[in-house]
Amino acid sequence: SQYLSPLLVLGFTVERYVSICYPLRRKEITSKAAICIISIVAFSFLLNGTQCYFWIYSEEVGSCTIRPEVLKGNPSLFTVMKHLTESLVIGLVPTTILVLNIKVIQVAQRAMKAPVNGPGLCETARTQKNSATTITLLAVSFYLIITTFPVAVSYCLTEHFPQGNKNLTATEAKADKTWQNYFSYFVASRSVNAFGMSHYVCNFFIYVLTGMSFRKELRNLCRRILRKEPIRDQDTELNDTAWSQRGSRSSDYRPVSRDS
């Protein structure tokens, strides 16, 4: 999920960018949505699968450690792969999301300033729905960027704060400058990582705050659960409503006799 979440956000950011900036090509992108999602998931699994080679379980330590052979060389294979994957997922992906979001905001602002030539009711409702969706996706994207960049910087600084001499006592380690720098970095990095993990749980609250349709569906879902009603999708409800209206109209129909 560390790599999959930013890649999925990049996916719907690209979709929103195409929908806003190139609306005529929107159907071409949305028709391949399933293929894009499967490709993103497969690429994420492949990227994470390389970690199985770099890490090995150590019975002495009781946890996973880095293979000694991948640490050989300057720079080592582990260092090269670490910087490559982190700069790709935590560096390049958020940067691309930021650039695309800026483009979307610029186009949306120009569209709001453009004169309106009396669009129909359906077109107005569709524009308002797209604007609400765009605001939600922009909020999710920007929050991902804010929480991801500090983690990338913290991860890249790992090698600059090594551990000190492990043969020192606790009193000597407190006075050792190397250990002091390491402990300071350790506390700061854990705080940054905790903040970076918040985007996995805060997206729900972003949807609630910015998505009117999401709030409506969530409210209906909660009502159905509390009333123990069967959960039905929106299309089924619309079909039932249409058939009931059609039935009421047919019941009002009375054949006229020719004798009258």
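All of these numbers come straight from a predicted model, not from anything done at the bench.
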Do [X] and [Y] sit in the same hydrophobic cluster, where Ile, Leu, Val, Met, Phe, Trp and Tyr count as joined when their side-chain heavy atoms come under 4.5 Å apart?
{"X": "Ile97", "Y": "Ile102", "value": "yes"}
{"X": "Val41", "Y": "Val93", "value": "yes"}
{"X": "Leu8", "Y": "Leu88", "value": "yes"}
{"X": "Phe142", "Y": "Val99", "value": "no"}
{"X": "Met81", "Y": "Ile56", "value": "no"}

* Asked: About how many Å separate CG of Leu47 and CZ of Phe43, when rounded to the nearest 0.5 Å?
  -> 5.0 Å
* Which value, rounded to the nearest 0.5 Å, describes the distance between Leu10 atom CG and Leu92 atom CG? -> 8.5 Å
* To do: Determine, stepwise, if the pair Glu217 / Ser213 fulfils side-chain hydrogen bond (donor to acceptor under 3.5 Å, both in side chains).
  => CA-CA 6 Å; Glu217 292 299 325; Ser213 300; over 6 Å; no
* Can you list the steps and then say if Leu4 with Phe45 is a side chain to side chain contact (heavy atoms under 4.5 Å, CB included)? -> CA-CA 8 Å; Leu4 182 59; Phe45 273 103; 5.8 Å; no
Please tabulate, one pair per line, all N/O donor-acceptor pairs under 3.5 Å involving side-chain atoms of residues 182-190, not counting sequence neighbours.
| unit_1 | atom_1 | unit_2 | atom_2 | d |
| --- | --- | --- | --- | --- |
| Tyr182 | OH | Gln163 | NE2 | 3.2 |
| Ser184 | OG | Gln180 | O | 2.9 |
| Tyr185 | OH | Ser154 | O | 2.6 |
| Tyr185 | OH | Thr158 | OG1 | 2.9 |
| Ser189 | OG | Tyr185 | O | 3.0 |
| Ser189 | OG | Phe186 | O | 2.9 |

* Sequence-distant partners of Lys174, side-chain contact (heavy atoms from CB on, under 4.5 Å), two or more places apart ->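 Partners of Lys174 by the side-chain contact (heavy atoms from CB on, under 4.5 Å) criterion come out as none, since no residue qualifies.
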With a 3.5 Å distance limit and no angle check, can you tell me whether [X] reaches the backbone of [Y] through a side-chain donor-acceptor pair?
{"X": "Ser44", "Y": "Ile40", "answer": "no"}
{"X": "Ser76", "Y": "Lys72", "answer": "no"}
{"X": "Arg16", "Y": "Val104", "answer": "no"}
{"X": "Gln51", "Y": "Asn48", "answer": "no"}
{"X": "Asp176", "Y": "Trp179", "answer": "yes"}

* To do: Mind checking salt bridge (Lys or Arg N to Asp or Glu O under 4.0 Å) for Glu69 and listing every partner two or more places apart, or none if nothing turns up?
  =>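 Glu69 satisfies salt bridge (Lys or Arg N to Asp or Glu O under 4.0 Å) with Arg67 only.
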What's the shortest heavy-atom distance between [X] and [Y], and which atoms?
{"X": "Val80", "Y": "Pro75", "value": "CG2-CG, 3.9 Å"}
{"X": "Ser198", "Y": "Thr147", "value": "OG-CG2, 3.8 Å"}
{"X": "Phe161", "Y": "Asn181", "value": "CD2-O, 3.7 Å"}

Non-hydrogen side-chain atoms of [X] and [Y] separated by less than 4.5 Å:
{"X": "Asn165", "Y": "Leu168", "answer": "yes"}
{"X": "Tyr53", "Y": "Phe78", "answer": "no"}
{"X": "Arg223", "Y": "Arg219", "answer": "yes"}

* **Residues Val9, Phe12; criterion side chain to side chain contact (heavy atoms under 4.5 Å, CB included); working and verdict** => CA-CA 5 Å; Val9 174; Phe12 68 66; 3.7 Å; yes
* To do: Run the numbers on Arg215 and Leu218 for side chain to side chain contact (heavy atoms under 4.5 Å, CB included), then give the verdict.
  => CA-CA 5 Å; Arg215 291 196 300 269; Leu218 180 63; 5.7 Å; no
* To do: Determine, stepwise, if the pair Asn101 / Tyr17 fulfils side chain to side chain contact (heavy atoms under 4.5 Å, CB included).
  => CA-CA 7 Å; Asn101 284 334; Tyr17 169 76; over 6 Å; no
* Phe205 atom CZ: more than 12 heavy-atom contacts under 6.0 Å -> no
* **Greater than 12 external heavy atoms within 6.0 Å of Tyr22's OH** =>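 At most 12 heavy atoms, drawn from other residues, nucleotides or ligands, come within 6.0 Å of this atom.
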